[in-house]
Amino acid sequence: MFSQEVKQRIQRVLNQENEQVSDDYIGRLTKVEVMDLYLQDYGQCISPKEIRRVILDIFGVNLEGISALEKLRISLFSKGQWIAQNKKDLFIVYTGANDKDVKISPTAYFTKETGLIQVPNALNQRLKALGYHQLEDGSWFYAEPHGGSVSLAFKDQTIAAIGEVVMTTFKEI
């Protein structure tokens, strides 16, 4: 469940407290306990960038990516909740349970401002190249072919594709 680095740091902290630590024991800890122990191993010299990486490793939340969504005017609905949403966002990225699939659609604001009810052609081409297919409602959908979670690199490519279209074609909306 946790990366090898996370487990090693937790083992190092708990071993200092004379506790025997197994992967099974670590797996029973809450994510907050894991983060506390991980940061305790660092002491007081951890950079903000490293803290963001720890949050990504432990909670699966990419704070740098979420922060970039605001500028790119992309809303994100993930794991059953809104992660980022602004009334003037142009596109919505929905991720399914366990990040196994992704759906892209325009927002009501985008439709109101452009008159387009579907994703524009410039974005269609980019999404198709990434492996998405268009649904009947005009949205675009991708499911990880092997049933696992969609990779962070794939998510980054998706956001980059949407962001490029927003910044080149719809920046003035």
List the steps and the verdict of side chain to side chain contact (heavy atoms under 4.5 Å, CB included) for F154 and L130. CA-CA 8 Å; F154 182 84; L130 288 171; 4.0 Å; yes
Is there a donor-acceptor pair under 3.5 Å between the side chain of T107 and the backbone N or O of D89? yes
Are more than 12 heavy atoms from other residues, nucleotides or ligands located less than 6.0 Å from atom NZ of K112? no
For R9, the option from D57, D41, D36 that meets salt bridge (charged side-chain N to carboxylate O under 4.0 Å, His left out): D41
Taking atom CG of N15 and atom CD of Q8, what is their separation to the nearest 0.5 Å? 11.5 Å
Of all heavy-atom pairs between I10 and V34, which one has the smallest distance, and what is that distance? CD1-CG1, 3.3 Å
In this structure, CD1 of I159 is separated from CD1 of I74 (nearest 0.5 Å) by 4.5 Å
Measure the acute angle between the ring planes of F170 and F110, then classify it against the limits of 30° and 60° as parallel, tilted or perpendicular. perpendicular
Should the heavy atoms of other residues, nucleotides or ligands under 6.0 Å from NE2 of H146 be counted, would the total exceed 12? no
With the 4.5 Å side-chain cut-off for hydrophobic clustering, are Y42 and F59 part of the same group? yes
Same hydrophobic cluster for M167 and V165, using side-chain heavy-atom links shorter than 4.5 Å among ILVMFWY? yes
Measuring from atom CD of Q4 to atom NZ of K7, what distance do you get when rounded to the nearest 0.5 angstrom? 5.0 Å
Would you compute the distance between atom CD1 of I58 and atom CG of L37 and round it to the nearest 0.5 angstrom? 9.0 Å
State yes or no: do L152 and I162 share one hydrophobic cluster built from I, L, V, M, F, W and Y residues joined by side-chain heavy-atom distances below 4.5 Å, directly or via other members? no
Please tell me if the side chains of Y25 and L14 come closer than 4.5 Å, counting only heavy atoms from C-beta onward. yes
Hey, what's the ring geometry for Y142 with Y132, parallel, tilted or perpendicular (30° and 60° as the breaks)? tilted
Quick check: do K49 and E64 have side-chain heavy atoms less than 4.5 Å from each other? yes
K103 with D137: basic N within carboxylate O range, under 4.0 Å: yes
Do D101 side-chain atoms and G96 backbone N/O form a donor-acceptor pair below 3.5 Å? yes
Derivation and outcome, side chain to side chain contact (heavy atoms under 4.5 Å, CB included), residues V150 and T95: CA-CA 9 Å; V150 175; T95 62; over 6 Å; no
Would you find a donor on one side and an acceptor on the other, under 3.5 Å apart, between the side chain of E50 and the backbone of S47? no
Write down the atom of F91, the atom of P106, and the distance for their closest heavy-atom approach. CD2-CA, 3.8 Å
Determine, stepwise, if the pair W82 / I92 fulfils side chain to side chain contact (heavy atoms under 4.5 Å, CB included). CA-CA 10 Å; W82 287 104; I92 303 171; 3.9 Å; yes
Atom CD in E113, atom CD1 in I173: separation rounded to 0.5 Å? 6.5 Å
Shared hydrophobic cluster, I66 / L90 (ILVMFWY, side-chain heavy atoms < 4.5 Å): yes
Are F77 and L135 connected in a single hydrophobic cluster, I mean Ile/Leu/Val/Met/Phe/Trp/Tyr linked by side-chain heavy atoms less than 4.5 Å apart? no
Separation of R126 CZ from N121 CG (nearest 0.5 Å): 11.0 Å
In short, Y38 meets R53 closest at the heavy-atom pair OH-NH2, 2.9 Å
Quick one: are E164 and L123 in side-chain contact, heavy atoms under 4.5 Å? no
E33, CD: over 12 other non-hydrogen atoms inside 6.0 angstrom: yes
Assess the residue pair T158 and K155 against the criterion (side chain to side chain contact (heavy atoms under 4.5 Å, CB included)); give the C-alpha distance rounded to whole Å, side-chain angles, the decisive distance to 0.1 Å, and a yes or no. CA-CA 5 Å; T158 297; K155 291 176 195 175; 5.6 Å; no
Where the side chain of S149 meets the backbone of K100, is there a donor-acceptor pair that is under 3.5 Å apart? no
Do F141 and H133 have side chains that get closer than 4.5 Å, going by heavy atoms? yes
Check: N86 and Y109 side chains under 4.5 Å, non-hydrogen atoms: no
V54 vs M35 side-chain heavy atoms within contact, under 4.5 Å: yes
